[in-house]
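Below you'll find the structure, written out as structure tokens, and then a few comments.
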Amino acid sequence: MQLTAEAPTRTQARTRPVGRRDTDGMAVASFVLGLVGLLVLNVFLGPVAIVLASLSLWRGTARRGRALLGLGLGVADLVVLGALVAADGTFSWSITG
């Protein structure tokens, strides 16, 4: 009697690795968006970074540190926006003053 190993089907091969890669990508994206959001479009990029970081942490990413950095930077985006709005009184700001 000879045993042969069956190759995993297409759905079996794609379910777990792709899910892990997606969560790792969300963690990296949250970090990048949070970092860019400190300079431009923080009213949009901050909340997106927070949502992506939260989703990737909830799904169990391997890049937990990157997701936590993205979460912190997303919150920092909103804090910077709040400080600029308090100082200027508008949602628009520029580096030149």
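The shown structure was predicted, so the numbers you read here are calculated from the model rather than taken from an experiment.
We find the CG-CG distance between L38 and L81 to be 11.0 Å, quoted to the nearest 0.5 Å.
Among all heavy-atom pairs drawn from A67 and A27, the shortest one is CB-CB, 3.8 Å. Heavy atoms only, all atoms of each residue included: G74 and A49 are closest at CA-CB, 4.1 Å. Between L52 and A29 the shortest heavy-atom distance is CD1-CB, 4.0 Å. For A53 against G70, the heavy-atom pair with the smallest separation is CB-C, 4.2 Å.
Scanning for side-chain contact (heavy atoms from CB on, under 4.5 Å) contacts around L45 gives L33, V36, L41, with sequence neighbours left out. Checked against side-chain contact (heavy atoms from CB on, under 4.5 Å), V51 has the following partners two or more places apart in sequence or in another chain: L55. Qualifying side-chain contact (heavy atoms from CB on, under 4.5 Å) partners for I50, counting only residues two or more places apart in sequence or in other chains: S54, L71, V75, L78.
Distance alone, capped at 3.5 Å, is enough to place a donor-acceptor pair between the D24 side chain and the A62 backbone.
The hydrophobic clustering, which links ILVMFWY residues whose side-chain heavy atoms are closer than 4.5 Å, places L73 and V43 together. Cluster annotation: F44 and F31 are assigned to the same hydrophobic cluster (Ile/Leu/Val/Met/Phe/Trp/Tyr, side-chain heavy-atom contacts under 4.5 Å, transitive). Under the 4.5 Å side-chain heavy-atom criterion for grouping Ile, Leu, Val, Met, Phe, Trp and Tyr, L84 is not connected to V79 through any hydrophobic cluster.
In this structure, T61 and M26 have side chains that are not in contact, with every pair of non-hydrogen atoms separated by 4.5 Å or more.
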